[in-house]
Amino acid sequence: QVQVVESGGGLVQAGGSLRLSCAASGSIFSINAMGWYRQTQRELVATINSGGSTNYADSVKGRFTISRDNAKNTVFLQMNSLKPEDTGVYYCNVDAAAYGDYSYHNYWGQGTQVTVSS
């Protein structure tokens, strides 16, 4: 099984910055894409694949940066120039294969709250 845990959310004023972290753990054979999604509708914020290629929602381009540490099975989201409309619960998604299964599945974290005050 694979576990996904996010951290780094909080309250910040508009124009400020936050850095989210997400660590995948467990019986991991391989990780493909990792990404961040927002709100209950799981709106895409940013993704990064195993080769380092990134994809961003238009609303965050130029302000957010996604990165990953493959050795630590961790993905980060650096959020700068935050706006009140960035407020929401941010969920980490990991597309991973576990030992014994070897097929890829999506695993979700529990979410971390980001609140941007005006």
Side-chain angles (χ1 to χ4, degrees):
Q1 263 295 2
V2 178
Q3 295 80 43
V4 177
V5 178
E6 305 106 333
S7 61
L11 172 64
V12 65
Q13 289 188 332
S17 298
L18 281 175
R19 180 177 170 89
L20 305 184
S21 299
C22 168
S25 62
S27 185
I28 298 172
F29 169 70
S30 176
I31 294 178
N32 188 9
M34 307 178 81
W36 291 93
Y37 293 75
R38 181 164 59 198
Q39 304 286 45
T40 55
Q41 291 82 10
R42 298 293 198 266
E43 170 196 20
L44 181 146
V45 176
T47 61
I48 183 168
N49 67 17
S50 57
S53 295
T54 58
N55 182 41
Y56 294 93
D58 288 341
S59 61
V60 308
K61 284 179 180 177
R63 300 187 299 121
F64 290 11
T65 302
I66 189 169
S67 60
R68 64 191 280 176
D69 183 337
N70 290 329
K72 297 182 178 180
N73 294 331
T74 301
V75 62
F76 307 96
L77 186 68
Q78 178 66 44
M79 304 186 293
N80 299 329
S81 303
L82 282 161
K83 304 175 181 180
E85 52 263 43
D86 294 320
T87 294
V89 179
Y90 284 68
Y91 296 90
C92 177
N93 176 265
V94 175
D95 184 30
Y99 282 103
D101 183 353
Y102 302 106
S103 60
Y104 286 88
H105 302 281
N106 278 305
Y107 297 91
W108 293 91
Q110 78 287 352
T112 185
Q113 177 71 44
V114 171
T115 303
V116 184
S117 63
S118 57

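Atom OG of S81 sits about 7.0 Å away from atom CZ of R63, to the nearest 0.5 Å. Taken to the nearest 0.5 Å, the CD atom of E6 stands 9.5 Å off from the CH2 atom of W108. Here the straight-line distance linking atom CD1 of I48 with atom OG of S53 works out to 8.0 Å at 0.5 Å rounding. A distance of 10.5 Å separates CG of N106 from CZ of R42, quoted to the nearest 0.5 Å. The line from CD1 of I31 to OG of S50 is 10.0 Å long, rounded to the nearest 0.5 Å.
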**OP:** Quick one: do T54 and T47 satisfy side chain to side chain contact (heavy atoms under 4.5 Å, CB included)? Show the steps, please.
**Re:** CA-CA 6 Å; T54 58; T47 61; over 6 Å; no
Subject >> Verdict with reasoning, L20 to T112, per side chain to side chain contact (heavy atoms under 4.5 Å, CB included) >> reply: CA-CA 8 Å; L20 305 184; T112 185; 4.1 Å; yes
**OP:** Check the pair V94, N73 against side chain to side chain contact (heavy atoms under 4.5 Å, CB included), reporting the backbone distance first and the verdict last.
**Re:** CA-CA 9 Å; V94 175; N73 294 331; over 6 Å; no
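Formation of a donor-acceptor pair under 3.5 Å by the T87 side chain with backbone atoms of V116 is found in this model. In this structure, T74 contributes its side chain and K72 its backbone to a donor-acceptor pair below 3.5 Å. One N or O on the side chain of D86 and one on the backbone of K83 form a donor-acceptor pair closer than 3.5 Å. Without hydrogens or angle criteria, R68 side chain to N49 main chain gives a donor-acceptor distance under 3.5 Å. Judged purely by atom type and a 3.5 angstrom limit, R19 has no side-chain atom pairing as donor or acceptor with the backbone of Q78.
Here the closest heavy-atom approach between residue G10 and residue L18 is recorded as O-CD1, 3.9 Å. Contact between V2 and A24 at its shortest, heavy atoms only, is CG1-CB, 4.4 Å. The two residues S21 and W36 have their closest heavy-atom pair at O-CH2, 3.5 Å.
Taking hydrophobic clusters as Ile, Leu, Val, Met, Phe, Trp and Tyr residues chained together by side-chain heavy-atom distances below 4.5 Å, M79 does not share a cluster with Y37. V60 and V89 fall into different hydrophobic clusters, where Ile, Leu, Val, Met, Phe, Trp and Tyr side chains are chained together by heavy-atom contacts under 4.5 Å. Each of L44 and Y107 belongs to its own hydrophobic cluster when Ile, Leu, Val, Met, Phe, Trp and Tyr are linked at side-chain heavy-atom distances under 4.5 angstrom. Residues M34 and Y56 share a single hydrophobic cluster, defined by chaining ILVMFWY side chains whose heavy atoms lie under 4.5 Å apart. In the hydrophobic cluster analysis, where Ile, Leu, Val, Met, Phe, Trp and Tyr join through side-chain heavy atoms closer than 4.5 angstrom, I28 is grouped together with V4.
Residue Q110 qualifies as enclosed at atom CD: its count of foreign heavy atoms under 6.0 Å is above 12.
Side chains of V45 and L77 form a contact here, defined as non-hydrogen atoms less than 4.5 Å apart. Within the 4.5 Å cutoff, no side-chain heavy atoms of Y102 are placed close to those of S30. In this structure, the side chains of F76 and I66 stay at 4.5 Å or more apart for every pair of heavy atoms. Taking the side chain as every heavy atom from C-beta outward, F64 and L82 approach each other to under 4.5 Å. You'll find the side chain of V75 reaches within 4.5 Å of the side chain of C92, heavy atoms only.
Between K61 and D58, at least one side-chain nitrogen of the basic residue sits less than 4.0 Å from a carboxylate oxygen of the acidic one, meeting the salt-bridge criterion.
Using a 3.5 Å distance cut-off with no hydrogens or angles, the side chains of S17 and N80 do pair a donor with an acceptor.
Y91 does not carry R38 over the face of its six-membered ring by the limits of under 6.0 Å from the centre and within 45° of the normal.
Aromatic rings of Y99 and F29 (six-membered ring for Trp) have centroids within the 6.0 Å cut-off, being under it.
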